[in-house]
Every structure is written in C-alpha cells, then in structure tokens.
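First up is the structure itself, then whatever we jot down about it.
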Amino acid sequence: MRIGIIDTKMSNSKSVFNAITFLGYEVHLITVPAELKTFDKVILPGVGSFPAGMKELREMNFIEPIKEFKGDLLGICLGMQLLFELGCEFGSHEGLGIIPGEVNKNPSILLTPNIGWFEGTRSFNRYYFVHSYSATTGKEYVKDTIVVDQIELISHVKKNNFQGVQFHPEKSGKVGLNFLKKFINE
Amino acid sequence: MWMRLIPRLDIKKGHVIKGINLEGLRKVGLGVDLANKYYYQGADEILLMDAVASLYKRNNLFSLVDEICERCFIPITLGGGISSLHDVERTMKSGCDKVSLNTALLAKPELIDDIVAEFGSQVLMISIEAKRIDGVYTCYYNTGRDVSSRRVDQWIEECIDRGAGELSVTSIDYEGMKLGPDLELTKLLNRSSTIPTIYHGGVRSKEHIESLVNIFPKLSGVAIASSLHYDFKEIEDFR
C-alpha cells in the first residue's frame, strides 16, 4: 500500500508526515500530479484561505488528478473545505466540487477563529479544531458534527472514496492518530 | 466548554528553566522530555518560549521544535525572538502550528496585519505581559523586563482590530508566585477580549481555573508552568 500527502506550499504536510511516520507507515510527499494515481491512500492537508488553496492546486495542476483519483482521499481542515463546490472566503470561489455543498464563515455568535477541542456528536471522539469557516452539505454526506455554543457544525464528511475532516487528526493526540490509522487501514 | 490546558516551557540551552515573575533561572529538565511527559499526561497544546532570545536577538529553538513535533501530536506554539514574516515561515515549516509574539508587535504593530494576511489569523498567538502600575495594567516586553507606553486594554483592542486570532496574557505580578491567578486582570480580559484568550500566571489548581471562568466565562485556555514543573501536579489535576 502506498500512502501519500499532497505537498503544496499552503499545507502543514510536515505535521501529517510526522504523525503517519510515528504510526509506523512509510509515507511520501506528492509534488508531481501524475504520480497521484500510483497511491492508495492520499491526504490533502491545508492551512490558509480557500482562494489561496485553490490557486495553489490549480498552479500545480492537481485539480483534475484529484477529481479522477480512485483511491481513498482524506482532506484535512482547508483540505476538506476545498472538496466542496463553493468557498465564500474573500468573495465567492469555485472549489474542487467533489462533494456538493459550500463553505461559509462561522456564525458570528461564535468566537472567531473557533479554537479548541470538541467532541463529535456521533463518534464521541474529541479532536482539535481551529477554523473560521465551516461547511454545509446534504445530510447524506455528514459523518460527524460538533456543537459549539449550541450551534452544530459539520466536522466529518464523506462521499464515496473522498472524505474530509474539519479537525486536525495530526494534532489531536492519540485519538487523532487512531483516526489516521483507521483511514489507512479501512 | 473544554478548557485548553497549555504547559508553558521556557527554554535555555535545551533545558526548561523557571523562576519567579518571568525571571527564569532554575533548570527543571530537558525541554524535549518535559514536552513528551505533558503530552502523554493529556496536555491540549504546548507553548515553547526561548528564554534567551532577546539576548541573542533570535529564536534558538528550531531544532528542539523539530524533535518535539516528531513525537507530540498536539498544537505546538513557539515564541521568543520572532520578529519577521521570514521567522514565522521558518517556524511553520518546522512543524509548529502557531507563533507567539510580543516585543516585535509592540515595536511594529503593522506586523500583526502582515502575519494575518500572509498566514491567516490562526497562526498568531499574541502574547501580552501585563503588570499594574498605579492601578493601570500596562504592557511589558523582553520577558517582563521593559515597560512600554501601552495600556493593556487599549492594546487588546488594537490587536483585535488588526485581525489577531488569539491572545495569551501573562500577569507578571502573579506569575510563579503562590498568590493564585490575577482576578483583576481577568476582569479586564472579560471586558476587553472578543477573541480566544489564554490566561497565564499563578494557576496552581482546578479551583483557580474555576475562579477564572466565573469571572471570564469565555476563557479559552490556561497556560501553566511552575505548578507542573515544581508542584508534582499533572494535567489531570486541573480538569
């Protein structure tokens, strides 16, 4: 099995790399889009803004190879947000469009950014979050949510071989490492 | 709300040092060992501060950070001597999640705008060292040694206006002392801060954290140093 991390300038690939290495797997950084299809498990990390993230993927010619990817892909944080059709950060921007839905600013009642550890309403696992935007999508794609100040936010989505998490499994201690392990082994 | 418990490690030559009123002297252990220990105890984040950065005018902890990030899978923040976009980029590349800045921002507040525009508000933990002078909380810098002309409440307002994502506020008078937390400063934070805020200084028990939350219900985290390093307390004792 080949595990890879899409390595854009915008990504926190080092943290994800460290976490998967710690779990005892060999992991590669992917910078050449044509190599993507040689991997079985791919992680799309990302920090920064939605338009900057899309621009980076476009300039590196990753957009079509990601859409056509047949293995399992996990988007983390911004990497999850980019899977949707639309991102409303600094204007309206087209995303990868793999999962129906859009990404909007967190409700203004919440402290922004929303930082901290929140427990999944379905998984009951506590993960580390830091985000100012969150996704809305059809309930058939929602795997887990969190509740912040009585507002429900989507934390894990999945459609076919693509899934995404708003939290940082690579920064969520043992529980986060277990999540990554499960993604690799499922 | 889950309180973030954040061990703070002040580092000199690889060792954690700790003193009183931010003046660190005594060695308490190797940074990498203590980071590991607190990670396994269930710390929510780790804050690493270069205690001699102002002396050398740069941060000297990058290789230590590399080592810690390979073993501790929680958010790591690096502070001390960070003063440019280049420093921030280097910190992020080493696997850190956030940078903590104080001195450089007081000298050049526009740096807040620049860091937020380049890396996003989530990477910047603005550190404020507060000490009361004639009843007015005032911002200090260079690890509590020098006094600035800024009032803490006004500085918080400016930081938020400039797009800051997180504040970490130390009470110099209560830090390392056995007086409990600085509740007057906490009142000021409750009035002034509308972004995630971490309190540091004098927290030695779960009851101290409760007293902070009573005054400041939206308090997002607590940084703890002496009590973990010296009192044989563990993270779990603060939950």
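Reckoned from all heavy atoms, side chains included, excluding hydrogens, waters and symmetry mates. Residue numbers start from 1 in every chain, and the chains themselves are labelled A, B, ... in the order their sequence lines are given, proteins ahead of strands.
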With chain A as the partner chain, list the residues of residues 108-116 of chain B whose heavy atoms fall under 4.5 Å from it, by residue number, and write 'none' if nothing qualifies. none
Assess whether atom NZ of A/Lys37 is packed by more than 12 heavy atoms of other residues, nucleotides or ligands within 6.0 Å. no
With rounding to the nearest 0.5 Å, note down the distance linking OG1 in A/Thr112 to CD in B/Gln122. 12.0 Å
Smallest heavy-atom separation, A/Lys14 atom then B/Lys93 atom, equals CD-O, 3.6 Å
Looking only at heavy atoms, which two atoms of B/Gly95 and A/Lys171 are closest? And how far apart? O-NZ, 3.4 Å
Residues A/Leu177 and B/Phe73: closest non-hydrogen pair is CD1-CD1, 3.8 Å
Over 12 foreign heavy atoms within 6.0 Å of CD, A/Glu26: no
Are any of the side-chain heavy atoms of A/Glu119 and B/Trp2 separated by less than 4.5 Å? no
What one should report as the nearest heavy-atom pair of A/Pro113 and B/Pro196 is O-CG, 3.2 Å
Mind ranking B/Gly42, B/Cys96, B/Ser94 by heavy-atom pairs under 4.5 Å with chain A and telling me who comes out on top? B/Ser94
Which atoms of B/Thr194 are under 4.5 Å from chain A, going by heavy atoms: the side chain, the backbone, both sets, or neither? backbone
Neighbour count above 12 (heavy atom, 6.0 Å) for B/Arg90 CZ: no
Gap separating the CZ atom of A/Phe22 from the SG atom of B/Cys72, nearest 0.5 angstrom: 9.0 Å
Per-residue contact mode, A/Ile115 against chain B (heavy atom under 4.5 angstrom): both
Heavy atoms only: give me the nearest B/Tyr39-A/Lys174 pair and the separation to one decimal. OH-N, 4.0 Å
Note: B/Glu70 and A/Asn18 closest approach over all heavy atoms is CG-OD1, 3.7 Å
Just to be sure I understand the criterion: a residue of residues 137-153 of chain A counts if one of its heavy atoms is under 4.5 Å from a heavy atom of chain B. Which ones qualify? A/Asp149
For B/Gln154, does the CD atom sit with more than 12 other heavy atoms under 6.0 Å from it, leaving out its own atoms? yes
So with a 6.0 Å cut-off around NZ of B/Lys218, is the heavy-atom count from everything else above 12? yes
State whether the number of non-hydrogen atoms from other residues, nucleotides or ligands found under 6.0 Å of B/Glu207 atom CD is greater than 12. yes
